[in-house]
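Both counts, for ligands and for their atoms, begin at 1 and track the order of listing.
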Amino acid sequence: MNTLDAIFSGRSVRQYQQEKLDWEEISEILDYANRIPKLIDGIAIEFKLVSNIETKQGFRRPFSVKAPYYLCISSEEKEDYLLNAGYMIQQLNLYLISKGLGTCYMGASPGMGLKSTMKYTYVVALAFGKPSTQPLSTGSEAKRLPEKELVVYKEGVTSDIKQLLAATRLAPSSFNNQPWRFVVYKNRIHVFAKKNLLLAKAFDHLKLVDMGIMLANLILAAEELWVDVTLSSLEHIKSKPLQNNEYITTVVIG
Ligand SMILES: Cc1cc2nc3c(=O)[nH]c(=O)nc-3n(C[C@H](O)[C@H](O)[C@H](O)COP(=O)(O)O)c2cc1C
């Protein structure tokens with residue numbers, strides 16, 4: 001399965017066989033994790049693999065999923081570290097899905113015991129293992145907002161860009177919030193995050209992780225579709241006061 005297939009077919013899996021994976025498979029996953037490109041250079045991160053088979057560790061809070069393994073990402077707290085962490089862990093997520101494994105993000109933090117073993121500030125984790133149910137949706141649509149609520153087309157675009165946006169919109173997000181909004185021109189996509197209500201400020205942390213996850217879908221899908229993209233922060237948009245949205249980045253095409 002290639003990355004685009006993983007993007008289009010992957011769904012959160014919440015029921016697992018509580019059994020070990022072969023050591024070779026685990027070691028391939030860790031090798032892959034060590035080679036994942038960053039969104040922002042100069043932010044140190046650590047992926048930590050936690051086995052939940054012999055010793056029950058970590059995630060017991062409401063909404064936690066009981067899985068044989070968790071991969072946790074911790075990061076130095078530098079500017080945009082949450083975007084970077086989301087971007088990196090989503091690449092790992094797609095890799096695991098492409099290997100036929102089930103995965104589910106864990107937004108709640110683990111217990112203090114596990115957290116204290118991490119090198120940097122804990123960000124988010126990915127539960128994974130062999131699914132006990134069929135992991136891939138066979139034909140059923142992912143529950144996502146309709147395109148018209150998320151994308152404003154200012155100019156006509158090619159079918160590749162349409163496909164790119166379709167892959168981007170399928171990204172998983174905490175509580176399926178889908179905070180991303182896009183303003184699309186022929187050769188650029190301005191990316192915004194919807195502002196949270198005052199009451200939901202506590203969720204801002206996860207929102208930026210979600211935005212990083214979405215950017216991974218966008219960049220990996222662009223690679224598969226042979227669309228050249230670079231990210232650029234445009235000062236004139238950054239400095240505009242926006243009521244409902246926060247500017248994140250601009251995707252320059254070609
Ligand atoms: C950052 C993040 C945190 C999440 N936290 C949880 C969680 O704690 N428990 C859970 O069951 N699902 C969690 N999810 C999974 C989302 O609920 C799920 O991705 C979303 O509802 C879309 O469903 P799908 O992945 O099946 O397409 C999380 C997803 C993300 C991206």
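- Close approach of ligand 1 to Ile213 (heavy-atom distance below 4.0 Å) involves ligand atoms 31 (C).
- An N or O contact shorter than 3.5 Å is missing between Val124 and ligand 1 by distance.
- Polar contact check, Ser64 against ligand 1: no nitrogen or oxygen pair lies under 3.5 Å apart.
- Within 6.0 Å of NZ in Lys38 there are more than 12 heavy atoms belonging to other residues, nucleotides or ligands.
- The pair Glu76-Lys78 counts as a salt bridge, with a side-chain nitrogen and a carboxylate oxygen less than 4.0 angstrom apart.
- Judged by the shortest distance from any of its heavy atoms, Arg144 lies inside the 4.0 Å radius around the atoms of ligand 1.
- Arg169 contributes no side-chain N or O that, together with a main-chain N or O of Trp180, makes up a donor-acceptor pair within less than 3.5 Å.
- Ligand-side atoms of ligand 1 in range of Asp210: 1 (C), 31 (C), range being under 4.0 angstrom from any heavy atom.
- For a threshold of 3.5 Å applied to N or O pairs, the pair formed by Arg14 and ligand 1 contains at least one separation below that value.
- Using a 4.0 Å cut-off between a side-chain N of Lys or Arg and a carboxylate O of Asp or Glu, Asp204 and Lys207 qualify as a salt bridge.
- The closest approach between any non-hydrogen atom of Cys104 and ligand 1 is below 4.0 Å.
- The option from Ala142, Ala127, Ser12, Ala85 that lies nearest to atom 24 (P) of ligand 1, judged by heavy atoms, is Ser12.
- Using modelled atom types, no side-chain atom of Lys20 and backbone atom of Ile53 make a donor-acceptor pair closer than 3.5 Å.
- Relative ring orientation between Tyr185 and His190 is described as perpendicular, the plane-to-plane angle rising above 60° on a 0-90° scale split at 30° and 60°.
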